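Below is one structure, written out as structure tokens; the observations come after it.
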Amino acid sequence: MLYDLFAYLDKTFDIPGAGMFKYISFRSGLALILALFISTAIGRKIINKLQRMQIGETVRNLGLEGQLSKKGTPTMGGIIIIFAILIPVLLFTRLNNTYIIIMIITTLWLGTLGFADDYIKVFKKDKEGLRGKFKIIAQTGLGLIVGITMYLSPDVVISENQEVVNSSNVVEKVHILPTMTKSAKTTIPFFKNNNFDYAWLTSWAGDFQEEVTWLFFVLVVIFIVTAVSNGANLTDGLDGLAAGSSAIIGVALGILAYMSSHIQFASFLNIMYLPGGEELVIFAAAFIGATIGFLWYNAYPAQVFMGDTGSLTLGGIIAVFAIVIRKELLIPILCGVFFVESLSVMIQVTYFKITRKKYGEGRRIFKMTPLHHHFQKPGNAGIQALIQKPLGVVPESKLVLRFWLIGIILAVIAIVTLKIR
């Protein structure tokens, strides 16, 4: 919005400083600062409003340290994050950019889904919230929108990276091809030729290979959106865990978006170039500012919880952002905390069902899942679990900090994989 205004002022009246809005770094900085301001200053007013409406968290006694003290803490604080992301994005990005349109739709779509889930839990007093099948339908719908838009939009194109190899089979330099192509290619880590084409999996389709390839791509998008948004939702169980982890992932995604949309850096890193992807850096800056600002109130001890309004939105944004910058295959590394949290639940449930069928009673691998709760349960306290350690309870603040450190390490690894082949 302001980009077009200041571009007009610069061109027509040559106003000093108006040309600054041409620079991604300047607009990204403004987006970060404004998102921080909204999530902290305006966030306080939203929290007060939630408290007056008595929108408090309902807590079941699961025997976790400090759990009952969270009862009554305002929830649905994800509204703060959504406002803090959307307002800077609407002000500082080019709103005719297809990637930005996709990200705005993602934020509103999953924000509405999470709000509906929280509304049912809080106001309808239904602890189960929105039924799982409706969540899956909504997440599938978003995956269809994203995948089909990337297929049909003429603006979603790539310029491929091409290596120049000498007689000794050593790469001397990398060229970014001048032609822009519609492609279902993505980046795959740890391989020398790190461009992976989904078309390789559909060579059997003959004359319909292109259509089948994009159909397969859409299914992959649906799976990733569903998996990551639910993974973020499971991770949101400790004060500041989901918000802090998301901020770390947002920094990595912002770096990857900048590198992919800068032709010189794309050539240096030997990755595909994404024309128009530079606007996503501004979205990433707003995302980082919103999540860090939210930590002002959500860090231990939390004054507000994000609820599904926030967690589903954060996970969906991360998933779609990684997809549109063609880095979705890095998600298991980059979102390793979300991945392990989800995996712990799947392992626990599967093992419990198998042992109940075999022995007549279910047994557990972990003391409790998602994984972060395993560290909050004391070992050898009447809990039949294969893994009892640590025997003592890890304080919540220390546990969250350790998960953040793991997230930082994984984010660095995800970026470094672009050169490790």
Side-chain angles (χ1 to χ4, degrees), residues 1-11 18-35 82-111 142-159 176 179-187 217 221 225 250-251 253-266 271-290 313 316-328:
M1 188 182 296
L2 292 182
Y3 174 88
D4 295 321
L5 173 62
F6 279 89
Y8 171 77
L9 294 175
D10 183 44
K11 183 178 180 180
M20 292 291 291
F21 272 77
K22 294 185 296 185
Y23 298 102
I24 292 295
S25 55
F26 179 72
R27 287 187 285 146
S28 297
L30 290 179
L32 177 65
I33 293 169
L34 182 57
I82 293 172
F83 281 142
I85 291 173
L86 288 180
I87 293 174
V89 167
L90 292 174
L91 287 176
F92 301 125
T93 62
R94 303 179 68 175
L95 297 178
N96 62 347
N97 182 284
T98 303
Y99 295 121
I100 291 298
I101 293 172
I102 289 174
M103 296 311 304
I104 291 174
I105 291 173
T106 298
T107 305
L108 291 172
W109 188 284
L110 288 177
L142 177 62
L144 285 171
I145 291 172
V146 173
I148 293 173
T149 300
M150 292 184 67
Y151 171 48
L152 296 178
S153 175
D155 298 325
V156 181
V157 292
I158 66 168
S159 293
I176 299 295
T179 55
M180 298 181 187
T181 59
K182 172 69 69 174
S183 174
K185 289 187 177 181
T186 188
T187 302
F217 175 77
V221 170
V225 169
V251 172
L253 288 174
I255 293 172
L256 292 171
Y258 184 75
M259 297 297 182
S260 299
S261 60
H262 193 293
I263 195 165
Q264 282 80 23
F265 285 125
I271 57 177
M272 64 184 75
Y273 168 59
L274 301 178
E278 63 276 1
E279 294 295 314
L280 288 169
V281 180
I282 303 170
F283 188 97
F287 180 86
I288 296 164
T313 304
I317 287 173
I318 290 168
V320 174
F321 198 107
I323 290 166
V324 297
I325 65 171
R326 313 297 177 115
K327 301 294 182 289
E328 67 268 22

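Remember, predicted model here, so these are calculated numbers, not experimental data.
- Using bins of under 30°, 30° to 60° and over 60° for the plane-to-plane angle, the ring pair Phe321/Phe283 lands in the tilted bin.
- Of the options Ile100, Val281, Leu280, a side chain to side chain contact (heavy atoms under 4.5 Å, CB included) to Thr93 is made by Ile100 and by none of the others.
- In this structure, CD1 on Ile317 lies 7.5 Å from OG1 on Thr106, to the nearest 0.5 angstrom.
- The closest side-chain heavy-atom distance from Leu108 to Leu86 is below 4.5 Å.
- For the atom pair Asp155 CG and Asn97 CG, the distance stands at 7.5 Å (nearest 0.5 Å).
- Among all heavy-atom pairs drawn from Pro88 and Ile85, the shortest one is CD-O, 3.3 Å.
- Rounding to the nearest 0.5 angstrom, the gap separating the OH atom in Tyr273 from the OG atom in Ser261 is 7.0 Å.
- Residues passing the side chain to side chain donor-acceptor pair (under 3.5 Å) test with Asn96: none are found, sequence neighbours excluded.
- Listed by first and then second residue, the salt bridge (Lys or Arg N to Asp or Glu O under 4.0 Å) pairs involving residues 272-282 are Arg27-Glu279 (not counting sequence neighbours).
- Not one N or O on the side chain of Lys182 forms a donor-acceptor pair closer than 3.5 Å with the backbone of Leu152.
- From Ile145, atom CD1 reaches atom CD1 of Ile105 across 6.0 Å, with rounding to the nearest 0.5 Å.
- Residues Gly147 and Val221 approach most closely at N-CG1, 4.2 Å, considering heavy atoms.
- Between Ala285 and Ser28, the closest heavy-atom pair is CB-O, 3.3 Å.
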query = side-chain contact (heavy atoms from CB on, under 4.5 Å) between Leu34 and Phe92: does it pass, once the steps are laid out?
reply = CA-CA 10 Å; Leu34 182 57; Phe92 301 125; 3.7 Å; yes

Run Leu274 and Ile158 through side-chain contact (heavy atoms from CB on, under 4.5 Å) and show every step you take.
CA-CA 5 Å; Leu274 301 178; Ile158 66 168; 3.4 Å; yes

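- In terms of modelled atom types and a separation under 3.5 Å, the side chain of Ser183 and the main chain of Lys185 share a donor-acceptor contact.
- Between Phe287 and Met103, every side-chain heavy-atom pair lies at or beyond the 4.5 Å cut-off.
- Judged purely by atom type and a 3.5 angstrom limit, Thr186 uses its side chain to pair as donor or acceptor with the backbone of Arg326.
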Derivation and outcome, side-chain contact (heavy atoms from CB on, under 4.5 Å), residues Val89 and Ile282: CA-CA 7 Å; Val89 167; Ile282 303 170; 5.7 Å; no

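- By the 6.0 Å contact criterion, NZ on Lys22 is open, its count of non-hydrogen atoms from other residues, nucleotides or ligands being 12 or less.
- Across every non-hydrogen atom of Ile176 and Ser159, the tightest pair is CG2-CB, 3.7 Å.
- Shown here is Tyr151, whose OH atom has more than 12 heavy atoms of other residues, nucleotides or ligands within 6.0 Å.
- Residues Leu95 and Ile104 form a side-chain contact, since some pair of their non-hydrogen atoms from C-beta on lies under 4.5 Å apart.
- Pairing each heavy atom of Val225 with each of Val320, the nearest pair is CG2-CG2, 3.9 Å.
- When every heavy atom of Lys327 is checked against every heavy atom of Thr187, the shortest pair comes out as NZ-OG1, 3.4 Å.
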